[in-house]
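Along the sequence shown, the residues carry numbers beginning at 1.
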Amino acid sequence: MVRSRSVWGVLLTGIVALAVAGCTEAVKGQPFAAGTSSSPAAPSPSRSAAPSSSSASSAPGGTVTVATMTVTLPQGMAYTGASSGGALDGCVSDGSAQCVARMLDLRAAANDPNAPFNAPSVNRPYGWYTGTDVPQCITPSAPPGSGPEATGSTVIESGLAPIGPKKAEYARWQVTCADATQNNQVRMWWLPTSKILVTEYAASPDLDARIDAILAGATFG
């Protein structure tokens with residue numbers, strides 16, 4: 001009788017694990033190789049349209065492919081290509097923070113005349129946000145789906161910044177929120193030809209350096 005209960009316990013554990021695995025597609029990163037720079041790449045002086053084919057690779061090395069771009073994540077970070085309900089689609093998590101950045105393939109949304117889509121732009125408030133409704137403030141304590149509404153957005157830095165061999169349209173916004181404790185800065189990289197959008201939420205010097213290092217190593221196929 002004891003043996004029978006043990007068998008049922010193993011079967012139930014396996015079923016639960018499979019159900020959880022089906023909700024998200026996440027890839028964990030690996031440490032950068034010795035000598036890899038983590039210095040920021042200096043730029044020159046949420047209901048959004050769904051990503052079209054944003055994908056995560058389970059290949060060894062923590063590599064993630066989004067549209068034509070492939071990047072390698074550092075240890076402690078993971079990428080979710082698709083999530084249950086879509087709230088975490090394209091999110092890069094960092095430890096317990098569910099979405100410190102997003103990497104999205106927007107080819108389908110940009111080409112769909114019926115999609116609720118605003119092209120990313122360094123020249124408009126909330127220019128990193130591609131939806132047509134009010135964006136949320138996303139921070140480690142306010143992940144997608146639970147953050148307060150954004151109430152203001154001011155460009156404080158813009159220009160061009162590298163993503164691997166390419167130059168992306170780049171900007172940093174100071175964002176105010178309905179809950180002032182969530183006020184933060186948002187950074188954006190937009191490749192208008194490749195239709196790849198990278199967004200960093202709640203920017204800080206440490207996170208800036210890590211995101212810049214990830215993007216510096218990007219390759220395109």
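- Separation of atoms NZ (Lys167) and CG (Leu191) is listed at 11.5 Å; rounding is to 0.5 Å.
- Every pair passing side chain to side chain donor-acceptor pair (under 3.5 Å) that includes a residue from residues 174-185 is listed here, sequence neighbours excluded: Thr139-Gln182, Ser141-Gln182, Thr151-Thr176, Arg172-Gln185, Gln174-Gln185, Asp179-Thr181.
- Using a 4.5 Å heavy-atom cutoff, the side chains of Met188 and Trp173 are in contact.
- Distance check: Thr65 OG1 to Met103 CE gives 11.5 Å after rounding to the nearest 0.5 Å.
- A donor-acceptor contact shorter than 3.5 Å links the side chain of Arg124 to the backbone of Tyr126.
- Legend: residues meeting side-chain contact (heavy atoms from CB on, under 4.5 Å) with Thr219, ordered by chain and number and at least two apart, are Thr70.
- For the atom pair CD1 (Ile196) and CG (Leu215), the distance works out to 10.5 Å, reported to the nearest 0.5 Å.
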Would you check, one step at a time, whether the test side-chain contact (heavy atoms from CB on, under 4.5 Å) holds for Trp190 with Leu106? CA-CA 10 Å; Trp190 168 237; Leu106 296 178; 4.0 Å; yes
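- In this structure, the side-chain hydrogen bond (donor to acceptor under 3.5 Å, both in side chains) partners of Asp206, at least two apart in sequence or on a different chain, are Arg210.
- In this structure, Cys137 and Pro148 have side chains that are in contact, with non-hydrogen atoms separated by less than 4.5 Å.
- A donor-acceptor pair is defined here as one N or O able to donate and one able to accept, closer than 3.5 Å; no such pair exists between the side chain of Asn118 and the backbone of Thr132.
- Rounding to the nearest 0.5 Å places CG of Leu207 at 4.0 Å from CD of Glu200.
- In this structure, the side chains of Leu73 and Val64 come closer than 4.5 Å at one or more pairs of heavy atoms.
- A heavy-atom distance below 4.5 Å is found between the side chains of Pro120 and Thr130.
- Side-chain contact, Tyr129 with Gln136: no donor N or O sits under 3.5 Å from an acceptor N or O.
- Across all their heavy atoms, Cys99 and Leu88 have their closest contact at CB-CD2, 4.5 Å.
- Put simply, the side chain of Asn111 gets close to the backbone of Arg107: a donor and an acceptor are under 3.5 Å apart.
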Taking it one step at a time, do Tyr201 and Val100 satisfy side-chain contact (heavy atoms from CB on, under 4.5 Å)? CA-CA 5 Å; Tyr201 304 113; Val100 297; 5.9 Å; no
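- Here the closest heavy-atom approach between residue Pro140 and residue Ala202 is recorded as CD-CB, 3.9 Å.
- Tyr79 places no side-chain N or O within 3.5 Å of a backbone atom of Val66 that could act as its donor or acceptor partner.
- Here the shortest heavy-atom pairing between Phe117 and Ala110 reads CE2-CA, 3.7 Å.
- Between Asp89 and Ser83, the closest heavy-atom pair is OD1-N, 2.8 Å.
- Note that NZ of Lys166 and OG of Ser194 are 4.0 Å apart. Values are rounded to the nearest 0.5 Å.
- Nearest heavy-atom pair, Val122 versus Tyr170, reported as atom, atom and distance to 0.1 Å: CG1-O, 3.5 Å.
- Atom CE of Met77 is separated from atom SG of Cys91 by 12.0 Å, given to the nearest 0.5 angstrom.
- Looking at heavy atoms from C-beta onward, Asp212 lies in side-chain contact with Trp189 at the 4.5 angstrom threshold.
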